[in-house]
Structure formats: structure tokens, C-alpha cells
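Comments concern the structure below.
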Amino acid sequence: MSVLPTAKEAAKRVGLGEDRIILLGDQHDPELKIEHFTSIRNITGLTKRRAAIIEPSKTCIFIVYLSGTTGVPKRVFLSHRNFLSNVPQPSAGEGGHLAWDNLDGNADGC
């Protein structure tokens, strides 16, 4: 199911142009107005070559920008190891209780 109509409506409601929407995944805009991330990658000259992760604890793979709620906004560099160690945290924290088919809110699914 395409979420493009929802993204277009959300962008419109907050005053963003459709040129600020970038599609991810397998779906493309049937009207060819919204860019797909592969077209952006192709114009930058990037290749499909994998980056070498020499030291997982030091190689930066992701930059997060913090809002600055306790001070000035800042960026945080996450290493490969930081990122991968955080991947299982959501499923460990919710313990299977936030499943899409658990609509009644009971932890045991009854």
C-alpha cells in the first residue's frame, strides 16, 4: 500500500512543497513528480560499492541532530557499533505487547 497520498497531504498541511518528499522502498510515484531515493543517489555520483567498516566502534555511519532541549542543538555521530547495538532495543523494551494485531490493549492478547 502506498503512503504517498498521506505524505503529500501531510506536506501540504505543514506548508512543505512536494519537492521535499523523497520516496524510499520499492514504490515509485506514478506521476513521476516525487523523487525516489535511487535517483538522488545516482545524481550524486555515488556507487553501489559497500563502505569498508574498519573499526566498528569508531566508523561513523549515522549523524543524529538533537533538538537542544537542555542547551544548544548539536549533532551526534553514531558509530556502526552504536547503531547496531540499538537495533534490538525496541523489541526488547516492548516485549511483544505492541503488536499490530493486539488492538484491545491486553498484554496477553486476550
Side-chain angles (χ1 to χ4, degrees):
M1 179 172 97
S2 175
V3 296
L4 184 55
T6 304
K8 285 181 175 182
E9 179 61 28
K12 182 179 177 181
R13 285 186 183 193
V14 297
L16 291 175
E18 290 184 0
D19 61 328
R20 302 292 300 225
I21 300 172
I22 299 173
L23 291 172
L24 304 173
D26 296 333
Q27 299 211 354
H28 294 266
D29 179 16
E31 298 174 2
L32 303 175
K33 293 180 180 177
I34 307 298
E35 293 286 337
H36 191 266
F37 82 98
T38 55
S39 65
I40 295 168
R41 181 192 65 213
N42 293 340
I43 64 170
T44 63
L46 297 175
T47 65
K48 292 182 181 181
R49 185 175 53 110
R50 292 179 106 177
I53 306 292
I54 298 169
E55 287 190 59
S57 63
K58 295 181 181 178
T59 303
C60 178
I61 64 159
F62 197 70
I63 301 174
V64 180
Y65 288 87
L66 304 177
S67 65
T69 54
T70 60
V72 179
K74 56 187 82 79
R75 63 182 180 226
V76 176
F77 296 87
L78 294 180
S79 71
H80 189 263
R81 182 173 289 156
N82 292 142
F83 185 76
L84 289 181
S85 67
N86 285 291
V87 170
Q89 285 182 349
S91 61
E94 58 91 6
H97 300 298
L98 297 177
W100 67 271
D101 57 350
N102 186 12
L103 300 179
D104 62 3
N106 292 325
D108 60 5
C110 296

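Owing to the predicted nature of the structure, the values given are computational and were not obtained by experimental measurement. Atom set for the values below is all heavy atoms of this structure, side chains included, hydrogens, waters and symmetry mates excluded.
Residues Ile34 and Asp29 share a closest heavy-atom pair of N-OD2, 2.9 Å. Pairing each heavy atom of Cys60 with each of Phe77, the nearest pair is SG-CD2, 3.4 Å.
Cluster annotation: Leu32 is not connected to Ile22 through the hydrophobic network of ILVMFWY side chains, with a link wherever side-chain heavy atoms come within less than 4.5 Å.
Judged as a side-chain contact (heavy atoms from CB on, under 4.5 Å), and not counting sequence neighbours, the contacts of Ala11 are Leu16, Ile21. Among residues two or more places apart in sequence or in another chain, the ring pair (Phe, Tyr, Trp, His ring centres under 6.0 Å) test is passed with Phe62 by Phe83. Remark: Lys33 engages Glu31 in a salt bridge (Lys or Arg N to Asp or Glu O under 4.0 Å) (not counting sequence neighbours).
The side chain to side chain donor-acceptor pair (under 3.5 Å) analysis of residues 55-65, with sequence neighbours excluded, yields no pairs. Judged as a ring pair (Phe, Tyr, Trp, His ring centres under 6.0 Å), the pairs with a partner in residues 13-33 (not counting sequence neighbours) are, in order, His28-His36. Among pairs with a residue in residues 67-80, those fulfilling side chain to side chain donor-acceptor pair (under 3.5 Å) read Ser79-Asn82, at least two apart in sequence or across chains. Every pair tested for salt bridge (charged side-chain N to carboxylate O under 4.0 Å, His left out) that includes a residue from residues 84-93 fails, sequence neighbours excluded, so the list is empty. Under the salt bridge (charged side-chain N to carboxylate O under 4.0 Å, His left out) criterion, the residue pairs touching residues 13-28 are Glu9-Arg13, with sequence neighbours excluded.
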